[in-house]
A.B. asks: 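What follows is a single structure, and I will ask about it in a moment.
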2 protein chains.
Amino acid sequence: MQLDKIVNFHKTVGDKTRIRIISLLRSGPLHGQAIAGKLGLKAPTISHHLKKLKDIDVVYQRRDKNTIYYYLNESKLERLTHAIIEVGGNAMNEQYAVSQEEKAKIIQNFTDQTGRFKRLPAQRKKKLILLEHILRGLEHGKSYEEKEINEYIQTYYEDYATVRREFVMAHFMYRDNGIYELNPVEMWPV
Amino acid sequence: MQLDKIVNFHKTVGDKTRIRIISLLRSGPLHGQAIAGKLGLKAPTISHHLKKLKDIDVVYQRRDKNTIYYYLNESKLERLTHAIIEVGGNAMNEQYAVSQEEKAKIIQNFTDQTGRFKRLPAQRKKKLILLEHILRGLEHGKSYEEKEINEYIQTYYEDYATVRREFVMAHFMYRDNGIYELNPVEMWPV
DNA sequence: TATCTAATTAGATTATAATCTAATTAGATA
DNA sequence: TATCTAATTAGATTATAATCTAATTAGATA
């Protein structure tokens, strides 16, 4: 997940009124006037806060006649909540400082004449170095379709499905709804 | 956990610089100058952010000679993170500063031999305690007609209209279209 | 189409907070 | 004790955001 997304989530829920709205919606959907009444605030204020909660997808709405009911998206809330725990990466604990020379040598060992990989190393450490090497052609902050990722990986290695899965598992990439993004560098293993 | 504590936690981590500090400290303790250098900010700025992270106990420090090293308290971070998931459960009662003994005494002072109130206290704090006492006979999640509420209040106090109005004004209850409901506990004053 | 209800937007006010430079403090060392 | 290093505090500047009233918009209904 993008750093900014994590920050924005916490900025949004770091407000007393919005936490109270989340708390209210836990026991079921409510319309705007009801929320305003329960919290002792005016309708425009509630609109303002609901907009922010909708922006991060923690609240969604359904209209019934003139009235719009607001619902809590609990699974989204849980996923966003959990993201801060991953920041910095758990795999980061396996401190391995490998020099550029060593990396180059390992990459060369697994590369054929055409610059492609024949197989992935079994050793985790070496495998991460290869994965990182492949990643260098991708852009930070850009969103990729699964198909794009597959095609890109294939320019390096035949079994794109394995590599793509490894990218996500090692926290190099983040996948949401079939869309892939590079993780910020501070989430990478290594 | 108290509502304010949850809000304050998210307010604190809802900042890019502080998330980056947390991310850095995940791979081990660092001193202030090192953090400032890695983030491209000045020492006083880092002091400011570390203070906030220390205030919520997510960071602690150990001195070594002239240098202070800052550590991440990961278990605390996880516990605070999860609190928002629980919010809205009835576990928000801790915000009451007045002990049960004090409350009992105040209630006794305003009660006559028959267990009814002669008058309402002028002091807001005491009045809220009496109102809360009356409320205990009502059910959470149940809807009441105005008539029912009036009759119920009269078993405690003659001037039901005043009490009913106070209930709504103090956010103990919520009124929609002549129907009354108890508010969730975390909306209550005190 | 005219009118009603609920929600949203615009714009103002006010409060909060991120960052910096300059000054000060806490603690170690010679 | 004098001096050094790293951290903190004070105070200013600037940006962000919570809330309100008044105006507008979206959609339903007669």
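Throughout, a chain's letter reflects where its sequence line sits, starting with A, and its residues are numbered from 1.
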A.B. asks: Answer with yes or no after comparing the ring centroid distance for A:Y156 and A:Y160 against a 6.0 Å cut-off, counting only values under it.
C.D. replies: no
A.B. asks: What nucleotide, of C:dT19, C:dA6, D:dA7, holds the atom closest to the side chain of B:T67?
C.D. replies: D:dA7
A.B. asks: Are any non-hydrogen side-chain atoms of B:I134 and B:Y152 less than 4.5 angstrom apart?
C.D. replies: yes
A.B. asks: Would you mind reading off the distance between B:I68 atom CD1 and C:dT25 atom P, rounded to a whole angstrom?
C.D. replies: 16 Å
A.B. asks: So does A:Y70 get a side-chain nitrogen or oxygen closer than 4.0 Å to the phosphate oxygens (OP1/OP2) of C:dT8?
C.D. replies: yes
A.B. asks: Rounded to whole angstroms, how far apart are CG on A:L30 and P on C:dA7?
C.D. replies: 11 Å
A.B. asks: B:Y69 near the nucleic acid: base, sugar-phosphate alone, or nothing, with a heavy-atom cut-off under 4.0 Å?
C.D. replies: nothing
A.B. asks: For A:K16, answer base if it contacts any base atom (sugar-phosphate contacts may also be present), sugar-phosphate if it contacts only those atoms, and nothing otherwise; contact means non-hydrogen atoms under 4.0 Å.
C.D. replies: nothing
A.B. asks: Let me know the distance between CD of A:Q33 and P of C:dA6, rounded to the nearest Å.
C.D. replies: 6 Å
A.B. asks: Quick one: on DNA chain D, does A:K65 or A:L41 contact a more 5' nucleotide (nearest heavy atom)?
C.D. replies: A:L41
A.B. asks: Rounded to whole Å, how long is the line connecting atom NE2 of B:H10 with atom P of D:dA17?
C.D. replies: 17 Å
A.B. asks: Can you check the A:I21 CD1 to D:dA18 P distance for me, whole Å?
C.D. replies: 11 Å
A.B. asks: Taking side chain as C-beta onward, heavy atoms only, is A:Y70 less than 4.5 Å from A:L30?
C.D. replies: no
A.B. asks: Any side-chain heavy atom of A:E146 sitting closer than 4.5 Å to one from A:Y180?
C.D. replies: yes
A.B. asks: Return the residues of residues 44-61 of chain A meeting this criterion: a heavy atom under 4.0 Å from some atom of DNA chain D. Order them by number, or give none.
C.D. replies: A:P44, A:T45, A:H48, A:H49, A:K52
A.B. asks: Quick check for you: among D:dA7, C:dA6, C:dT19, whose closest atom lies nearest to any side-chain atom of A:N66?
C.D. replies: C:dA6
A.B. asks: Please report, rounded to the nearest Å, how far the P atom of C:dA15 is from the CG atom of A:D15.
C.D. replies: 16 Å
A.B. asks: According to a strict under-4.0 Å criterion, is A:R18 in side-chain N/O contact with OP1 or OP2 of D:dA18?
C.D. replies: yes
A.B. asks: Cut-off 3.5 Å, side chains only: do B:Y157 and B:R119 have a donor facing an acceptor?
C.D. replies: no
A.B. asks: Between A:S23 (side chain) and A:I19 (backbone), is there a donor-acceptor pair under 3.5 Å?
C.D. replies: no
A.B. asks: Are a donor atom and an acceptor atom from the side chains of B:Y71 and B:Q61 found within less than 3.5 Å of each other?
C.D. replies: no
A.B. asks: Identify the stems formed by DNA chain D, where each pair is Watson-Crick or G-U wobble with both distances under 3.5 angstrom and a stem is at least 3 consecutive pairs.
C.D. replies: C:1-30 with D:1-30
A.B. asks: Will you find, in the side chains of B:S75 and B:N73, an N or O donor that is under 3.5 Å from an N or O acceptor?
C.D. replies: yes
A.B. asks: In this structure, would A:L130 and A:V168 fall into the same cluster of hydrophobic residues linked by side-chain contacts under 4.5 Å?
C.D. replies: yes
A.B. asks: Calculate the interatomic distance between A:L39 atom CG and D:dA18 atom P; express it in whole Å.
C.D. replies: 14 Å
A.B. asks: Between A:R63 (CZ) and D:dT29 (C1'), how many Å, whole number?
C.D. replies: 13 Å
A.B. asks: Considering only D:dA17, D:dT21, C:dA18, which nucleotide approaches the side chain of A:K42 most closely?
C.D. replies: D:dT21
A.B. asks: Looking at A:R26 and A:G28, would you say the former's side chain and the latter's main chain have a donor-acceptor pair under 3.5 Å?
C.D. replies: no
